[in-house]
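Sequential numbering from 1 along the given sequence is applied to the chain's residues.
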Amino acid sequence: MDLYSGGRWGELAGQQRTEYDGERRAIAIRQPLKEVGGTLLKGGRAATEVLRPEPARPRAGRGKGKKGRTKTPAGTRWVELPPSIAVSYEELMDSHQHRFILCTPEGRPWRRSNFRARHWRPAWDGVHPDDPGADGFLPGILPTFTFHEGRHTHSTWLAEDGIAEVARRARLGQKMKGMARVYDHVTPQMRRQILDALEARWITSLVALTPAERAQLGEWFPHLRATFTELRLEAAPKAIAISAVKAPPLK
């Protein structure tokens, strides 16, 4: 979700069931999760007391009425998920009944520091990366990579794939500068280009996995097994029907 949506930490960690549009396969970013004085807040209220997010209201002006809302007015937006990521997100939603989608096993929203120490840093940095013989050894993937750098990566991917700046900024919740704010607009074609480009990157990443890595992912996420089967079929050489081959003359 970090690399394929471009959302900020609070925008993703604060997602609730009522903020997902199953038809559009899009998440609504309106009231990000915020930590103030050690208390997690959603829409200006303690996250543990939130029943459902309130609809975003127009801002009262610069610097006013900011409590509980997105970083800027442009940050209040819908973010469509590429098909494969949407399926994984829906699988996660179906796996529990908690209000917050990306939550602890007990259903509580994640604190950024806890998630970072327990899951994020070990995944990227590894566990005892310099001592392969140590108990629990895991090699590092990309040491020091941060959550916010996932947002930067998302933006860079879209730029590499030729997505117009106005569409990139709209997806990331950023406003265009100067007169471009008046003249440049996001079209349905641009949104389709974004989803197609991200889906292609996801499929490419699966193709690059080793058989052992695919088997492990298939155990963790059974819905990926069908995808792996399709990839193998597409990569396999096309069989030639016997009836289409002219038999050599009998001698």
Side-chain angles (χ1 to χ4, degrees), residues 1-15 19-34 53 55-90 101-102 112 120 124 141-142 144-208:
M1 288 295 286
D2 177 26
L3 276 81
Y4 283 87
S5 75
R8 300 177 177 89
W9 162 262
E11 294 173 342
L12 299 179
Q15 282 297 307
E19 294 173 300
Y20 183 65
D21 185 332
E23 291 187 9
R24 295 174 58 186
R25 286 189 156 176
I27 57 175
I29 296 178
R30 297 178 297 213
Q31 297 176 339
L33 193 69
K34 300 182 180 182
R57 301 188 183 93
R59 294 175 179 271
R62 185 177 180 85
K64 298 180 181 180
K66 192 173 181 179
K67 186 176 181 181
R69 296 180 185 156
T70 52
K71 187 175 181 179
T72 65
T76 300
R77 65 200 188 279
W78 285 96
V79 176
E80 296 171 304
L81 304 179
S84 293
I85 304 303
V87 170
S88 295
Y89 191 68
E90 291 165 359
I101 307 304
L102 302 162
R112 185 168 188 162
W120 187 265
W124 292 103
I141 298 174
L142 190 60
T144 75
F145 188 78
T146 67
F147 194 92
H148 198 71
E149 284 176 321
R151 177 173 165 85
H152 293 180
T153 299
H154 183 83
S155 179
T156 303
W157 282 354
L158 298 184
E160 283 185 342
D161 292 328
I163 304 301
E165 182 184 3
V166 65
R168 300 198 310 267
R169 285 185 172 273
R171 186 171 178 85
L172 292 170
Q174 302 168 336
K175 65 181 180 180
M176 292 289 287
K177 297 180 180 179
M179 290 303 295
R181 280 182 286 178
V182 178
Y183 289 103
D184 291 4
H185 302 281
V186 180
T187 66
Q189 178 62 20
M190 291 179 187
R191 291 196 292 269
R192 285 194 295 271
Q193 289 174 343
I194 288 176
L195 297 181
D196 289 345
L198 292 173
E199 183 71 6
R201 285 185 177 272
W202 170 253
I203 296 301
T204 300
S205 71
L206 297 183
V207 171

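- Of the possible donor and acceptor atoms, one in the side chain of S205 sits under 3.5 Å from a partner among the backbone N and O of W202.
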Pair L158, R171 - check side-chain contact (heavy atoms from CB on, under 4.5 Å), show working. CA-CA 10 Å; L158 298 184; R171 186 171 178 85; 4.0 Å; yes

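- Closest non-hydrogen pair, G150 versus F145, comes out as N-CZ, 3.6 Å.
- Ionic pairing of E90 and R25 is present here: one or more N-O contacts between side-chain nitrogen and carboxylate oxygen are shorter than 4.0 angstrom.
- T70 and E11 are not linked by any side-chain donor-acceptor pair at a separation below 3.5 angstrom, with hydrogens and angles left out of the test.
- Partners of Q189 according to the side-chain hydrogen bond (donor to acceptor under 3.5 Å, both in side chains) rule, which considers only residues two or more places apart in sequence or in another chain, are R192.
- In this structure, the separation between CD on E199 and CD1 on I85 is 7.5 Å, given to the nearest 0.5 Å.
- Applying the ring pair (Phe, Tyr, Trp, His ring centres under 6.0 Å) test to W9 and every residue at least two apart in sequence or in another chain returns F115, F147.
- W157 and H154 have tilted rings, their planes meeting at an angle from 30° to 60° on a 0 to 90° scale.
- To the nearest 0.5 angstrom, Y4 atom OH is 13.0 Å from L195 atom CG.
- Here the NE2-OG1 distance, from H148 to T153, works out to 10.5 Å after rounding to the nearest 0.5 Å.
- Across G173 and T72, no two heavy atoms sit closer than the pair O-OG1, 3.7 Å.
- Legend: residues meeting side-chain hydrogen bond (donor to acceptor under 3.5 Å, both in side chains) with E149, ordered by chain and number and at least two apart, are T146.
- Residues meeting the salt bridge (charged side-chain N to carboxylate O under 4.0 Å, His left out) test with D161, sequence neighbours left out: R201.
- With hydrogens and angles ignored, the 3.5 Å screen pairs no side-chain donor or acceptor of R77 with any backbone N or O of Q174.
- Of all non-hydrogen atoms in L12 and S5, the two that sit nearest each other are CD2-OG, 3.5 Å.
- With sequence neighbours excluded, no residue satisfies side-chain hydrogen bond (donor to acceptor under 3.5 Å, both in side chains) with Y89.
- With hydrogens and angles disregarded, no donor-acceptor distance shorter than 3.5 Å links the side chain of Q193 to the backbone of I163.
- A donor-acceptor pair is defined here as one N or O able to donate and one able to accept, closer than 3.5 Å; such a pair exists between the side chain of R151 and the backbone of G6.
- For Q15, there are no side-chain hydrogen bond (donor to acceptor under 3.5 Å, both in side chains) partners at least two apart in sequence or on another chain.
- The only member of L198, D196, I194 that meets side chain to side chain contact (heavy atoms under 4.5 Å, CB included) when paired with P82 is L198.
- Of the possible donor and acceptor atoms, one in the side chain of K34 sits under 3.5 Å from a partner among the backbone N and O of R69.
- For the pair I27/E19, no side-chain contact is recorded, criterion being any heavy-atom separation below 4.5 Å from C-beta on.
- V79 and I29 get closest at one heavy-atom pair: CG2-CD1, 3.7 Å.
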How far apart are the C-alpha atoms of Y20 and I101, what are their side-chain angles, what is the distance that settles it, and do they pass the side-chain contact (heavy atoms from CB on, under 4.5 Å) test? CA-CA 10 Å; Y20 183 65; I101 307 304; over 6 Å; no

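- Residues A170 and V186 share a closest heavy-atom pair of CB-CG2, 3.7 Å.
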